[in-house]
Asker: 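This is the structure I want to talk about, given as structure tokens.
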Amino acid sequence: MRMTGLFSRTLRETPGKTESKGHEFLLRAGYIRQAAAGIYSALPLAFRSLRKIEQIIREEMNAIGGLEILMPVVNPAEIWKETGRWYSIDAELSRFKDRNDRDMVLAMTHEETVTDIMRDELQTYRQLPTMVYHFQTKWRDDPRPRAGLIRVREFTMKDSYSFDRNQEGLEKQYDAHYHAYFRIFKRCGLPVIAVASDTGMMGGKVSHEYMYLNPIGEDTIILCSSCDYSANRQVADIHKQLYPEDLLEIEEKETPGTKTIEELSAFLGIPARKTAKAVMLMGRFTDPGDEEKSYEKLITAIIRGDLDVEEAKLQKACGALALRPAHDEEITACGLVPGYASPIGARDTEIIVDDSVAGSNNLVAGANKEGYHLLNTNFGRDYAGTIADIASAREGLACPQCKEPLEAKRGVEVGNIFQLGTRYSESMGCTFQDENGKAQPVIMGSYGIGVGRLLACLAEEFHDDKGLVLPAAIAPFHVHIVNLLKTNEEAEKIYADLMEAGLEVILDDRKETAGVKFNDADLLGMPLRITLGNKAMQDGEVEFTVRSSGEGYRVSLGEVVTSAMDVLNR
RNA sequence: CGGGAUGUGGCCCAGUGGCUAGGGCACCUGGUUUGGGACCAGGGGAUCGGAGGUUCGAAUCCUCUCAUCCCGACCA
């Protein structure tokens with residue numbers, strides 16, 4: 001491509017509203033332009049990189065037996081009603097009516113669509129296992145898009161779906177994806193780690209997320225440096241020290257002005273672990289009689305004072321569609337007193353008790369009376385509830401595997417893999433006949449990679465203070481020719497030779513000063529720059545500059561192609 | 001959905017009641033330059049986010065509204 005033919009321009013100044021260097025350079029270099037909040041166009045440069053990323057993914061998906069298809073963005077609402085997600089997902093799922101007044105949705109993922117296809121196509125176990133994938137636009141009406149391409153509302157995702165006759169087959173395909181994903185990220189050049197994750201709205205049991213560790217990420221990952229433990233904080237386990245004791249008599253004590261655990265433990269002179277705190281949230285639940293309706297109920301979470309509640313775990317433990325902080329009136333209506341709350345005497349509320357509380361005794365809890373607490377409360381004797389792990393992992397707490405202190409890091413989720421099981425095949429009736437002629441639900445898995453988010457992460461990982469420094473595998477072009485000669489004659493010759501050899505080349509044939517051309521080349525970030533200048537040209541040479549290292553040297557005209565190949569292959 | 005901020009040519013910004021809305025970058029024309037964002041001269045481009053109001057007079061004050069960004073809630 002010649003730069004005189006490229007309409008997109010570079011920006012000398014940083015547009016406002018950029019949060020990260022990666023976003024800034026993608027904008028300044030003219031890779032992307034914003035259309036609306038969380039909605040971007042890919043200009044020619046980004047488009048080429050996105051295509052390359054897709055091709056890498058495509059090759060790796062094909063290598064594990066994937067069949068590429070293309071499913072629609074617009075779905076009939078019926079299939080989403082069948083799986084219940086029409087009802088369980090809030091405004092993030094966009095709905096509309098077609099001209100015949102039928103409910104439609106913009107697909108935010110394609111489990112429904114693919115299951116709908118497969119329930120018609122799959123008849124016998126002989127057709128299994130199988131796996132399909134596609135690259136398709138997803139629309140998720142995120143309430144708060146941010147950080148350029150990191151978190152958007154419209155994006156392209158590679159999503160694949162596996163179909164097996166049993167768990168063993170699923171695990172095989174899951175494992176194949178697990179390794180294929182590492183190959184994909186490695187080929188793109190992005191360092192990632194796989195962590196255990198929450199299954200969220202996808203349902204299912206086992207899942208992993210591929211995390212690019214970077215402070216701009218929105219997920220918190222809990223890691224152990226002493227062993228290999230890693231998990232998204234939403235599901236991270238911790239080793240909890242328990243403190244069982246002989247039960248003592250419960251006793252009411254006046255504790256004025258002790259609404260927080262800190263105030264309480266200071267007032268009583270006891271460690272936070274000797275207290276049990278109550279956290280009240282309103283949970284939204286599906287009406288058992290009518291799945292189109294839902295109702296709210298107060299959830300009281302009880303956790304030891306030295307720990308915090310992890311909402312994702314709590315939501316799973318109580319089976320709520322969603323949780324929100326409860327208002328004071330909602331709390332008092334159930335007999336609890338904010339600041340002095342405990343499950344003792346509470347009514348009309350579901351009580352979830354962390355195992356740290358169930359396994360420790362004689363804890364101080366609220367008396368549900370302003371200014372009073374109860375000493376020596378004990379789960380089982382004084383109140384009942386469902387025991388679950390609802391504790392939030394944080395830096396310094398003990399690793400569940402080796403008990404060493406955990407670390408916390410921020411990360412961007414660039415891919416995820418889910419063992420769905422029969423969550424979709426059962427609700428949609430996607431079955432096959434086994435050897436005995438008996439209908440069995442298909443065992444499914446789903447696997448996603450956000451293509452644009454991957455590019456955003458690469459821009460984040462590969463830049464210096466002057467611009468992008470992209471790896472050859474995903475850079476829009478391999479070679480950037482900066483022509484400083486009066487005419488384009490020699491440059492055109494080299495341009496043609498390099499392309500003849502199969503390289504992708506962008507030629508700066510504009511009538512611009514050297515400074516402008518160099519700065520733009522730095523900004524665009526191609527791996528190899530070839531400069532044509534008077535001095536070197538008189539010696540029959542051109543100048544090579546490796547963008548990543550800044551290394552520069554001269555190459556004679558006859559060796560341009562082979563030298564360029566050498567640089568790009570190393 | 002709560003809290004905060006910002007909307008002025010393609011981009012970055014100045015302009016807090018008073019002449020025809022200004023600068024830098026970018027763009028066009030001519031000339032001079034030509035190895036790290038050149039210089040000179042000339043030029044084009046704006047219903048100051050939108051609507052309503054106050055006023056002799058509004059980019060500027062008031063009301064409403066829309067959009068974008070940040071924090072939180074939310075999020076495969």
Side-chain angles (χ1 to χ4, degrees), chain A residues 7-20 23-24 27-28 30 33-40 85 88-93 107-111 138-148 150-153 155 157-159 161 197-204 207-210 216-219 232 234 281-282 284 311-312 315 321-325 327 412-418 420 423 446-450 453 466-467 482-487 508 510-523 529 531-537 542-543 545 550 552:
Chain A
F7 67 85
S8 60
R9 292 182 303 104
T10 55
L11 306 174
R12 293 195 184 186
E13 283 171 289
T14 305
K17 295 160 185 174
T18 56
E19 235 198 307
S20 69
H23 183 205
E24 175 189 329
L27 279 172
R28 283 187 53 205
R33 291 291 182 254
Q34 184 177 28
I39 306 178
Y40 285 82
R85 291 209 283 190
S88 64
I89 298 176
D90 202 35
E92 198 182 352
L93 175 67
M108 53 199 294
T109 171
H110 282 83
E111 280 78 13
K138 307 287 186 264
W139 170 259
R140 297 181 187 178
D141 199 356
D142 194 298
R144 190 155 118 67
R146 56 169 285 270
I150 295 287
R151 182 163 151 179
V152 291
R153 296 193 292 170
F155 58 100
M157 183 186 224
K158 184 289 298 177
D159 38 329
Y161 302 92
S197 70
D198 186 22
T199 50
M201 74 167 183
M202 304 297 298
S207 71
H208 284 87
E209 289 169 343
Y210 290 76
I216 63 162
E218 300 188 281
D219 286 281
N232 193 305
Q234 294 179 325
L281 295 149
M282 290 302 281
R284 178 162 290 282
E311 275 194 35
Q315 187 176 343
L321 297 172
L323 294 176
R324 65 166 175 85
H327 301 129
V412 181
E413 179 190 346
V414 285
N416 54 38
I417 55 180
F418 292 93
L420 295 174
R423 158 80 176 82
S446 84
Y447 317 85
I449 292 180
R453 180 179 280 185
K466 294 187 153 191
V482 173
N483 182 30
L484 303 178
L485 304 175
K486 289 244 189 301
T487 69
D508 195 344
R510 298 174 300 173
K511 288 188 186 0
E512 288 289 352
T513 60
V516 170
K517 290 186 176 187
F518 284 136
N519 278 297
D520 278 351
D522 288 340
L523 201 49
R529 182 166 89 208
T531 307
L532 277 62
N534 277 318
K535 276 173 275 177
M537 193 55 74
V542 297
E543 193 176 319
T545 309

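Reminder, nothing fancy here: chain letters follow the sequence lines and each chain counts from 1. What you see below is based on every heavy atom in this structure, not just the backbone, and it leaves out hydrogens, waters and symmetry mates.
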Asker: Which nucleotide, in any strand shown, forms a Watson-Crick or G-U wobble pair with B/A5, with both distances under 3.5 Å?
Answerer: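 Partner of B/A5: B/U68.
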Asker: Under the rule for salt bridge (Lys or Arg N to Asp or Glu O under 4.0 Å), what residues qualify as partners of A/R28, not counting sequence neighbours?
Answerer: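 Per chain and number, A/R28 pairs via salt bridge (Lys or Arg N to Asp or Glu O under 4.0 Å) with A/E24.
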Asker: Just checking A/R453: base, sugar-phosphate only, or nothing, at a heavy-atom cut-off of under 4.0 Å?
Answerer: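 A/R453: no heavy atom of the nucleic acid under 4.0 Å.
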Asker: Specify the separation, in whole Å, of atom CZ of A/R144 and atom C1' of B/C1.
Answerer: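 Computing the A/R144:CZ to B/C1:C1' distance gives 13 Å.
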Asker: Can you pull every protein N or O that's under 3.5 Å from an N or O on nucleotides 41-44 of chain B?
Answerer:
none

Asker: Taking only the P atom of each, what is the distance from B/C74 to B/A5 in whole angstrom?
Answerer: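 The same atom, P, in both gives a distance of 24 Å.
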Asker: Mind checking if A/D522 touches a base, just sugar-phosphate, or nothing, with heavy atoms under 4.0 Å?
Answerer: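 The residue A/D522 makes base contact.
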Asker: Assess whether one donor atom and one acceptor atom, taken from the side chain of A/R146 and the base of B/G72, lie less than 3.5 Å apart.
Answerer: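 No such pair is found, so the answer is no.
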Asker: Phosphate oxygens OP1/OP2 of B/C69: is one of them under 4.0 Å from a side-chain N or O of A/Q34?
Answerer: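 So the side chain of A/Q34 is within the cut-off, an N or O lying under 4.0 Å from OP1 or OP2 of B/C69.
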Asker: Are any of the side-chain nitrogens in A/R85 or A/E111 under 4.0 Å away from the carboxylate oxygens of its partner?
Answerer: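 Yes, A/R85 and A/E111 are salt-bridged.
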Asker: Identify the nucleotide, in any strand shown, that forms a Watson-Crick or G-U wobble pair with B/A38, with both distances under 3.5 Å; if there is none, say none.
Answerer: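 In the structure as shown, B/A38 has B/U32 as its Watson-Crick or wobble partner.
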Asker: Just N and O in the side chain of A/T513: are any of them under 4.0 Å from OP1 or OP2 of B/U34?
Answerer: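 A/T513 to B/U34 OP1/OP2: no side-chain N or O under 4.0 Å.
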Asker: Please work out if A/E543 contacts a base, only the sugar-phosphate, or nothing of the nucleic acid, heavy-atom cut-off 4.0 Å.
Answerer: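 Touches a base.
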Asker: Quick one: closest heavy-atom pair of A/I216 and A/S20, and the distance?
Answerer: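 The pair with the smallest heavy-atom distance is CG2-CB, 4.1 Å.
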Asker: For salt bridge (charged side-chain N to carboxylate O under 4.0 Å, His left out), just list the numbers for A/D142 and A/R153, CA-CA rounded to whole Å, side-chain angles, deciding distance to a tenth of an Å, and then say yes or no.
Answerer: CA-CA 6 Å; A/D142 194 298; A/R153 296 193 292 170; over 6 Å; no
Asker: Considering residues at least two apart in sequence or located in another chain, which fulfil the side chain to side chain contact (heavy atoms under 4.5 Å, CB included) criterion with A/E543?
Answerer: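 Partners of A/E543 by the side chain to side chain contact (heavy atoms under 4.5 Å, CB included) criterion, ordered by chain and then number, come out as A/T531, A/T545.
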Asker: Dump the pairs, protein N or O against N or O of nucleotides 12-15 of chain B, anything under 3.5 Å, distances to one decimal.
Answerer:
unit_1 : atom_1 : unit_2 : atom_2 : d
B/C12  : OP1    : A/G16  : N      : 3.2
B/C12  : O2'    : A/E13  : OE2    : 3.3

Asker: Name the nucleic acid region contacted by A/K466, choosing base, sugar-phosphate or nothing; use a 4.0 angstrom heavy-atom cut-off, strictly under.
Answerer: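 Here A/K466 touches the bases of the nucleic acid.
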Asker: How would you label the contact of A/R529 with the nucleic acid (heavy atoms, under 4.0 Å): base, sugar-phosphate, or nothing?
Answerer: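 A/R529: base contact, heavy atoms under 4.0 Å.
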Asker: Counting the atoms with a prime plus P, OP1 and OP2 as sugar-phosphate, which does A/A147 contact under 4.0 Å by heavy atoms, base, sugar-phosphate, or nothing?
Answerer: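 Answer is sugar-phosphate: A/A147 comes under 4.0 Å of backbone atoms only.
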Asker: For B/G52 and B/C66, measure between their C1' atoms and round to the nearest Å.
Answerer: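 Straight-line distance between the two C1' atoms is 14 Å.
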Asker: Provide the distance between the two P atoms, one in B/G53 and one in B/G18, to the nearest whole Å.
Answerer: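 Nearest-Å result for B/G53 against B/G18 at atom P: 22 Å.
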Asker: Between B/C19 and B/A59, how far apart are the two P atoms, rounded to whole Å?
Answerer: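 Nearest-Å result for B/C19 against B/A59 at atom P: 11 Å.
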Asker: Please compare A/L11 and A/A35 by the position of their nearest nucleotide in RNA chain B and report the one closer to 5'.
Answerer: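 By nearest-heavy-atom nucleotide position, the 5'-most residue is A/L11.
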Asker: Restricting to side chain to side chain contact (heavy atoms under 4.5 Å, CB included), what partner residues turn up for A/E13, sequence neighbours left out?
Answerer: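 Side chain to side chain contact (heavy atoms under 4.5 Å, CB included) list for A/E13, sorted by chain: empty.
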Asker: Once you apply the 3.5 Å cut-off to both distances, tell me the Watson-Crick or G-U wobble partner of B/U20, or none.
Answerer: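 Its partner is none (no Watson-Crick or G-U wobble pair with both distances under 3.5 Å).
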Asker: Could you let me know what B/U63 is paired to, Watson-Crick or G-U wobble, both distances under 3.5 Å, or none if it's on its own?
Answerer: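 Looking at the geometry, B/U63 pairs with B/A51.
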Asker: Within this structure, what is the CG-to-P distance between A/D90 and B/C75, rounded to whole angstrom?
Answerer: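 Interatomic distance, CG of A/D90 to P of B/C75: 9 Å.
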Asker: Does the structure show a Watson-Crick or G-U wobble partner for B/C25, both distances under 3.5 Å? Name it, or say none.
Answerer: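 Per the H-bond distance test, B/G10.
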Asker: When we call it a touch if two heavy atoms are under 4.0 Å apart, what does A/R324 touch: a base, just sugar-phosphate, or nothing?
Answerer: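 The answer is nothing, as A/R324 stays clear of every strand by at least 4.0 Å.
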Asker: Give A/G448 one of three labels, base, sugar-phosphate or nothing, depending on what nucleic acid heavy atoms sit under 4.0 Å from its own.
Answerer: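 The answer is nothing, as A/G448 stays clear of every strand by at least 4.0 Å.
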Asker: Categorize A/E311 for me: base, sugar-phosphate, or nothing, with a 4.0 angstrom heavy-atom threshold over every strand shown.
Answerer: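 Contact class for A/E311: sugar-phosphate only.
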Asker: On the nucleotide B/A26, are OP1 or OP2 found under 4.0 Å from the side-chain N or O atoms that A/R12 carries?
Answerer: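 Checking A/R12 against B/A26: at least one side-chain N or O falls below 4.0 Å of OP1 or OP2.
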Asker: List the residues meeting side chain to side chain contact (heavy atoms under 4.5 Å, CB included) with A/K17, not counting sequence neighbours, and say none if there are none.
Answerer: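 With sequence neighbours excluded, A/K17 shows a side chain to side chain contact (heavy atoms under 4.5 Å, CB included) to no residue whatsoever.
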